[in-house]
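The block underneath contains the structure these notes are about, expressed in structure tokens.
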Amino acid sequence: MTAETQLPQATGSCCSPSGSCHDGADAGAQAGDVTTVYQVSGMTCGHCEGAVSEEISGIEGVTSVKAVASTGQVTVVSATPLTDDAVRAAVDEAGYELVGRA
């Protein structure tokens, strides 16, 4: 299952039958954007992916987020590099643990 969040964010549940919100992980990426992959523990389903994606999407400069519960990986595209502290705070707010960069 995967959950992706692109700004502006759609409202509603992220848990579709396929477990996906959108198609194309980097649809919001522009030239010069920074892509970083993080390892997050505790995600088990589409709802988890959506919660993590929503919180990380709230960080200034984030243009795209793709969370995959089966691997624990969260791919974040942003206009500028993000601090690990900002990502950790967002993941903590969602109720999960940032292990580090993948």
Side-chain angles (χ1 to χ4, degrees):
M1 285 191 218
T2 62
E4 298 173 36
T5 304
Q6 296 176 358
L7 301 178
Q9 205 169 5
T11 56
S13 174
C14 187
C15 297
S16 66
S18 68
S20 179
C21 290
H22 306 283
D23 293 322
D26 292 330
Q30 301 294 320
D33 280 354
V34 178
T35 301
T36 310
V37 181
Y38 297 94
Q39 192 70 38
V40 174
S41 67
M43 295 189 299
T44 59
C45 67
H47 176 77
C48 300
E49 295 165 340
V52 169
S53 295
E54 181 178 351
E55 290 298 332
I56 293 175
S57 291
I59 300 172
E60 185 174 342
V62 172
T63 57
S64 175
V65 180
K66 179 182 179 185
V68 181
S70 62
T71 63
Q73 293 190 338
V74 180
T75 303
V76 181
V77 179
S78 57
T80 59
L82 303 175
T83 66
D84 287 347
D85 287 342
V87 177
R88 186 175 313 282
V91 171
D92 286 348
E93 183 66 26
Y96 303 91
E97 180 183 355
L98 178 66
V99 176
R101 293 182 187 218

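Model, not experiment: these values are computed from the prediction. Along the sequence shown, residues carry numbers from 1.
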Provide the closest heavy-atom pair for Val34 versus Thr80 in the form atom of the first, atom of the second, distance.
CG2-C, 4.0 Å
Locate the shortest heavy-atom distance separating Ala67 from Val74; write the atom from each residue and the value.
CB-CG2, 4.0 Å
Do the non-hydrogen side-chain atoms of Tyr38 and Leu82 ever get within less than 4.5 Å of each other?
yes
Taking every heavy atom of Ala51 against every heavy atom of Ala94, the minimum-distance pair comes out as O-CB, 3.7 Å
Are any of the side-chain heavy atoms of Val91 and Ile56 separated by less than 4.5 Å?
yes
On a heavy-atom basis, the closest approach of Gly42 and Cys48 is O-SG, 4.3 Å
Which pair of non-hydrogen atoms, one from Val62 and one from Ser57, has the smallest distance, and what is that distance?
CG1-CA, 4.0 Å
Please name the pair of heavy atoms, one in Ala90 and one in Glu55, separated by the smallest distance, quoted to 0.1 Å.
O-CB, 3.3 Å
Between the main-chain N or O of Val77 and the side-chain N or O of Thr63, is there a donor-acceptor pair closer than 3.5 Å?
yes
Identify, with sequence neighbours excluded, every residue that meets side chain to side chain donor-acceptor pair (under 3.5 Å) alongside Asp92.
none
According to the side-chain hydrogen bond (donor to acceptor under 3.5 Å, both in side chains) rule, which pairs have a member within residues 93-102, sequence neighbours left out?
Asp84-Arg101
Sequence neighbours excluded, every pair satisfying salt bridge (Lys or Arg N to Asp or Glu O under 4.0 Å) that has a member inside residues 67-81:
none
For Ala79, give me all partners under side chain to side chain contact (heavy atoms under 4.5 Å, CB included), at least two apart in sequence or on another chain.
Asp33
